[in-house]
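Chain identifiers are assigned alphabetically (A, B, ...) following the order of the sequence lines, protein sequences preceding nucleic acid strands; residue numbering begins at 1 within each chain. Side-chain atoms are counted along with the backbone in the values below, which use heavy atoms only and exclude waters and symmetry mates. Values in this document were obtained by computation on a predicted structure and should not be read as measured data.
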Amino acid sequence: MPKPRVIYWFRTDLRLHDSPALAAALALSPEVLYPIWTWDPHYVYRARVGPNRWQYLLDCQNDLSGSITKLNPRSKLLVIREAPQTLFSKLFRAWRITHLVFEKDTDAYAKERDDEVVRLAREAGVQVVVKTGRTLYDPDELVKMNNGKPTMSISQVIAAGKKIGAIPRPIPAPDWLPGLGDTDLGFEQEKPKSEPDVNALQRDGHEASYSALAGPNADFAVPTMEELGLKVATTPHRGGETAALRALDEIIANEEYTATFEKPKTAPTAFEPQSTTLLSPHMHFGSLSCRLFYWRAQDVVDKHKGKASQPPTSLTGQLLFRDMYFGAQAALGFRFGQTYNNPQCRFIPWHLPSKIDTSTGMITGEYQVDSAEAEAHLRRWKEGCTGFPWIDALMRQLKREGWIHHLGRHAVACFLTRGGCYVDWERGAEVFEEWLIDHEAACNIGNWQWLSCTAFFAQFYRCYSPVAFPQKWDKEGNFVRKYVPELARFDKKYIYEPWKAPIADQKKWGCQIRGDGSIMTDGEMEVYPKPMFEFPTRRDICIQGMKNAYHVGLYGNSPQVLDGSWRRLFDDQAEGPTGGTEGPAGAMVEHEDNEGHGKARPVAEGPSPKHTKKMAAGSEKKAGHKREASQGTLDGMVTRKKKKDGEVFPNRTHFG
DNA sequence: GCTGATGTTGTACTA
DNA sequence: CTAGTACAACATCAG
């Protein structure tokens, strides 16, 4: 029996420690082991990735390659520049591969890609070994133990996890690796389609990702930012397993911090050092095993029984939330990333809704500009010139550094969606996807749904104020002073609402408050924009809009959402109709032009007559429900049809 | 099916 | 400065 010739396919597991998949590869006692990375055009052209996350990936790859070489001088990470879907068949043949091993990934795209690669392996007679290692529990297992349903609350995760059993203890890194075999390729590179390219703006140089299979020097080296044509990264955060393990050691060494950590009590205004661990980007790239993190934290908690914090607020609780989002994504697939056709998402008629591809039922990546005002709000939010220093400081930190505190994410997400701009959460999620170094599709999508009260969370009347909230954490405004330096000299009395400062003081402190962000300076004087709306007014409008949408009671898979007839159930100009004229499923709906959409007004108390008149067909009244009792006069109120098991996923459209 | 408590992370006001 | 309360009101969970 000849010894196995193994490809170990690195993806989001850029580490040697606690890797069940790598251990499984070594357990085959291979003759040769090829550690490879496939430079996937999906991430180069289709997924939104900014320079900071690219840099972080390269950090991880360089560190990993170095660590591999330390274990065997005749090995390193081989970066191969072709789509895995076209590469593998050729690679199996060229290197006479017998086994392909990789870590399981339940991300919607990854699942589709891996299914295809597994198919190619079968075709080539190559055995495939897949192991879980990305989450505490296997997300598919978690869903199974949750009665086949997406995990939508932390108690469901804990209950399902109990049924699965103990979270495995981490396994040590290998102390040796087999060497590479012959690395001749002997086949042509299939160049990927570079259009459409959502990342064109991330580059300022010539894009040469696919110059040659093994790179410009034919040595399989990790690319450089320059080579990829990417703009220079501005993040101070560096990736790599070595840095990750060092950071974890430092955190765990502080037993008090580790044992008593409570997320809601960590300051979103803290910087140098931050109040949370900053381990999330390491877990995204797999340069840190979440199970190593879990057990090192849990061991400290066990040692300090009694005074230690508990899930969900503790450190281990944060990891359980991560598993919850992975479980929801694993159950829903691509639908998880959009409201349209997602049974878990409440339907809210946000501004700037996604365009839908009617043949697939998927969002296209483009959106309808139903309101010029909302479009301006989105642009100013993204660029950090809303005129609210707390929001702008966070967005500027996000753009520059690729990371902001979890509660800061709450603040800007609430502000963009249900607590200010009434813009679709999918727009915000796209910006985070582009800029976060720890962008994890499942967690990002889940958190945006949470904050926008689309799924997971529903208390829309709890609304973050861009003034009161940061005041609670940082009375001096030091965070704002760092990231919005033009306000650095303002008195703390005005630091979160500088437009209230007298003109004379503004001049004295070297910054005028005027304009919409398009003017940055005026001679010697700096300029910071006026707030783009009066927040208390907008908050009230948004809360009324949310209340109204909740009353209408549609979900992403409601027939009226699928065919576009939902518009008839919402008042024109009440916050917020989209004013669009194209139905998502191509259904043209009669609809007056929403002229002057700038002036949204709060809807009257309770649902308007329109809602009582036009019920959502397919919904039914909840007789005797206390919500109806409290609104007794509103006889047409519609609520969600109670779903029974098996009804959650109507097989209405085809996916994948 | 009902009730009451709870839900990682609100605000504004009062005492 | 901190603790408690009303605000207006959602979904889930335990019993």
Stacked cation flag Arg418(A) on Phe460(A), 6.0 angstrom / 45 deg = no
Which one, [options], comes nearest to the side chain of [X]?
| X | options | result |
| --- | --- | --- |
| Ala458(A) | dA12(B), dC10(C), dT8(B) | dC10(C) |
| Arg462(A) | dT8(B), dT12(C), dG10(B) | dG10(B) |
| Gln459(A) | dT8(B), dT11(B), dC10(C) | dC10(C) |

request  = Taking the six-membered ring for Trp and the single ring otherwise, decide whether the centroids of His282(A) and Tyr56(A) are under 6.0 Å apart.
outcome  = yes
Identity of whatever pairs with dT9(B) - Watson-Crick or G-U, under 3.5 angstrom = none
query = Is dA8(C) paired to anything, Watson-Crick or G-U wobble with both distances less than 3.5 Å, and if yes, which nucleotide?
reply = none
Would you indicate what [X] reaches in the nucleic acid, counting non-hydrogen atoms under 4.0 angstrom: base, sugar-phosphate, or nothing?
| X | result |
| --- | --- |
| Ile543(A) | nothing |
| Gln156(A) | sugar-phosphate |
| Arg539(A) | sugar-phosphate |
| Trp450(A) | base |

message = For Lys482(A), is the NZ atom crowded, meaning more than 12 foreign heavy atoms sit under 6.0 Å from it?
response = yes
Can you tell me how far [atom1] in [N] sits from the matching atom in [M], rounded to whole Å?
| N | M | atom1 | value |
| --- | --- | --- | --- |
| dC7(C) | dT8(B) | P | 25 Å |
| dC2(B) | dA8(C) | C1' | 23 Å |
| dT5(C) | dA5(B) | P | 14 Å |
| dT6(B) | dG4(C) | P | 15 Å |

ask   = Any idea how Tyr483(A) and Phe479(A) line up, ring-wise: parallel (<30°), tilted (30 to 60°), or perpendicular (>60°)?
value = tilted
Calculate the interatomic distance between [X] atom [atom1] and [N] atom [atom2]; express it in whole Å.
| X | N | atom1 | atom2 | value |
| --- | --- | --- | --- | --- |
| Gln471(A) | dC1(C) | CD | C1' | 14 Å |
| Ile158(A) | dT8(B) | CD1 | C1' | 11 Å |
| Lys472(A) | dT2(C) | NZ | P | 13 Å |
| Lys265(A) | dT9(B) | NZ | C1' | 11 Å |
| Tyr550(A) | dC10(C) | OH | C1' | 6 Å |
| Gln344(A) | dT12(C) | CD | C1' | 13 Å |
| Tyr496(A) | dG10(B) | OH | P | 17 Å |
| Lys263(A) | dG7(B) | NZ | C1' | 16 Å |

message = I want to check one thing: is the phosphate of dC13(C), taken as OP1 and OP2, less than 4.0 Å away from some side-chain N or O of Ser153(A)?
response = yes
ask   = Can you find a side chain N or O atom of Lys547(A) that sits less than 4.0 Å from OP1 or OP2 on dA9(C)?
value = yes
query = Among Trp473(A), Phe469(A), Phe535(A), Trp390(A), whose ring-ring contact (aromatic ring centres under 6.0 Å, His included) with Tyr464(A) holds?
reply = Phe469(A)
key: side chain to side chain donor-acceptor pair (under 3.5 Å) partner of Gln329(A), the single match among Thr106(A), Thr151(A), Asp107(A)   = Asp107(A)
request  = Would you check if Phe321(A) stacks with the base of dT8(B), given a 5.5 Å centroid limit and a 30° plane limit, both strict?
outcome  = yes
